[in-house]
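Below, chain A is the first sequence line, B the second, and so on; all start at residue 1.
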Number of protein chains: 2
Amino acid sequence: MELKELKNLFPDWEEGLYEEVLEAANFHTATAGTTLLKPGQNIRSSMLVVSGTIKLYREDATDGEFFMYYLEPGEACAVTLVCDFHQETSQVLAKAVTDIAYLAIPLSKVDEWLRKYKSWHYFVIRTYRSRYEELLQTIHSIAFKKMDERLEQYLLRQVGRWGTHIKLTHQEIAADLNTSREVISRLLKKMEHDGLILLHRQSIEWVGRKG
Amino acid sequence: MELKELKNLFPDWEEGLYEEVLEAANFHTATAGTTLLKPGQNIRSSMLVVSGTIKLYREDATDGEFFMYYLEPGEACAVTLVCDFHQETSQVLAKAVTDIAYLAIPLSKVDEWLRKYKSWHYFVIRTYRSRYEELLQTIHSIAFKKMDERLEQYLLRQVGRWGTHIKLTHQEIAADLNTSREVISRLLKKMEHDGLILLHRQSIEWVGRKG
DNA sequence: TCTAATCTGTAACAAATGTCACCGGCGAAG
DNA sequence: CTTCGCCGGTGACATTTGTTACAGATTAGA
């Protein structure tokens with residue numbers, strides 16, 4: 001992990017901070033599909049994503065899991081950043097969507113830098129704030145939108161993230177939107193009928209709105 | 001506002017912080033029903049609740065408003081605490097539910113103390129974190145629970161907050177749960193039938209589960 | 001007192017979503 | 001090649017929630 005690369009990923013930090021991070025952090029890699037964080041697990045370090053994409057779920061014993069958000073390069077996991085304030089074991093599941101690389105920061109350092117580096121402090125707050133906004137957004141969708149709108153929004157985000165060729169099964173989409181596979185199949189079929197998408201096996205192609 | 005009272009409300013702060021807060025803060029009061037924060041309004045100060053209860057809504061131009069949470073004495077509004085990092089005007093509506101008293105802290109001080117007082121920093125983070133947890137909880141309810149369960153949960157929280165005599169109209173409850181009055185009436189009637197509550201005019205009495 | 005507004009109850013219906021049953025197609029493992 | 005499991009499609013139906021339309025009851029105010 002090079003200094004230059006780090007500065008690129010996190011452009012808003014102060015000078016001394018980069019060096020400290022490089023020194024204190026452990027560089028890790030993992031292959032697609034790996035579970036990075038299990039619910040109930042004690043969190044000892046925080047994650048800064050270097051490359052790849054991570055998916056975060058909220059786990060619940062009774063009702064299953066709930067998709068929270070993606071983590072991308074240059075972002076940090078808000079949950080692990082502040083989870084030690086009460087020694088809590090956050091009920092979160094993190095999975096690598098692609099092959100990934102990340103820096104693991106010991107929580108003691110996270111804490112130490114808060115006082116030492118203003119930019120780190122802001123980074124933490126900003127991370128939290130943006131996640132908060134995202135959650136509000138999600139709530140808004142669930143509370144006010146119907147499934148067809150949510151699905152379209154979901155697909156559009158996938159397109160923005162990985163291009164017009166969406167490699168997801170109906171099952172996976174249904175899981176992310178907390179509904180059943182049949183409902184998704186139904187709505188996708190309708191969207192195909194409306195010329196928004198093309199349905200292939202294991203994948204969907206976004207062709208957008210005509211006119 | 002006395003030092004002793006302040007220490008009581010916010011027991012986890014450092015010594016010098018109390019004095020600074022007393023000096024920098026403006027003490028305000030407002031009567032029940034007052035709108036304390038309008039969406040789009042520029043936020044110049046953060047609120048620390050001294051007495052009474054405040055209700056926070058997320059405002060949206062197209063789909064109306066969404067009830068977020070209550071603010072109680074000893075708590076701070078997470079939204080106003082960090083809203084200036086990008087000069088944003090958060091889309092939030094705050095209303096006094098009861099007569100209230102609060103301290104208004106200039107945002108410059110909020111920022112200054114972050115670096116000066118570790119306990120203040122933790123206070124801010126903790127505030128954010130607990131709101132985050134609460135949002136997750138809310139999402140969970142909306143995503144997984146049906147209306148009857150949500151209603152029961154809602155009523156139970158009211159009971160915990162203000163006692164078994166719930167002074168709310170069906171209309172108000174419906175607004176908080178983003179549904180229609182008729183649905184609430186229907187479900188309440190069923191709950192009465194099941195012996196959970198007694199319905200009066202303008203109010204509901206919680207009698208709990210038998211056995 | 002009379003009137004208007006608000007609150008609650010309810011029936012009937014519409015729409016959205018969840019569930020069940022079953023089918024055929026495809027691909028991986030043997 | 002055959003079998004098995006996952007993927008997608010689809011129809012029928014149940015359930016939940018939203019909507020419309022009213023009616024009676026209570027309260028506030030003129």
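Direction change of the helix axis from one end of the helix from C/dT1-D/dA30 to C/dG30-D/dC1 to the other is 30°, with five pairs defining each end axis (rounded to 10°).
B/Lys55 has no carboxylate O lying under 4.0 Å from a charged side-chain N of B/Glu65, or vice versa, which leaves the two without a salt bridge. Residues B/Glu75 and B/Arg131 are paired through a salt bridge, judged by an N-O separation under 4.0 Å between the basic side chain and the carboxylate. Taking 4.0 Å as the cut-off between side-chain N and carboxylate O, A/Lys146 and A/Glu152 do not count as a salt-bridged pair.
Counting only distance, with no hydrogens or angles, the side chain of B/Thr98 and the backbone of B/Thr53 share a donor-acceptor pair below 3.5 Å. A donor-acceptor contact shorter than 3.5 Å links the side chain of B/Arg150 to the backbone of B/Leu177.
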Below 3.5 Å between N/O atoms, which protein atoms pair up with nucleotides 8-10 of chain D? Just atom names and distances, please.
from  : atom 1 : to       : atom 2 : distance (Å)
D/dG8 : OP1    : A/Gln202 : N      : 3.1
D/dG8 : OP2    : A/His170 : N      : 2.8
D/dG9 : OP1    : A/Lys189 : NZ     : 3.3
D/dG9 : N7     : A/Arg181 : NH1    : 2.8
D/dG9 : O6     : A/Arg181 : NH2    : 3.0

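Pairs engaging residues 41-68 of chain A under the ring pair (Phe, Tyr, Trp, His ring centres under 6.0 Å) rule: A/Phe67-A/Tyr70 [sequence neighbours left out].
For A/Trp120, the ring pair (Phe, Tyr, Trp, His ring centres under 6.0 Å) partners are A/Trp13, A/Trp113, A/Phe123, not counting sequence neighbours.
Between A/Leu36 and A/Tyr102 the shortest heavy-atom distance is CD2-CE2, 4.1 Å.
Using modelled atom types and a 3.5 Å distance limit, the side chains of B/Tyr154 and B/Asp176 yield a donor-acceptor pair.
Remark: B/Lys146, B/Met147 in residues 146-157 of chain B come within less than 4.0 Å of DNA chain D through at least one heavy atom.
Extent of DNA chain C lying under 4.0 Å from chain B heavy atoms, first and last nucleotide in 5' to 3' order, is C/dT6 to C/dA12.
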Quiz item: Going through the checks in order, is the side chain to side chain contact (heavy atoms under 4.5 Å, CB included) test met by B/Glu149 and B/Gln153?
Solution: CA-CA 6 Å; B/Glu149 277 185 276; B/Gln153 191 179 311; 5.9 Å; no
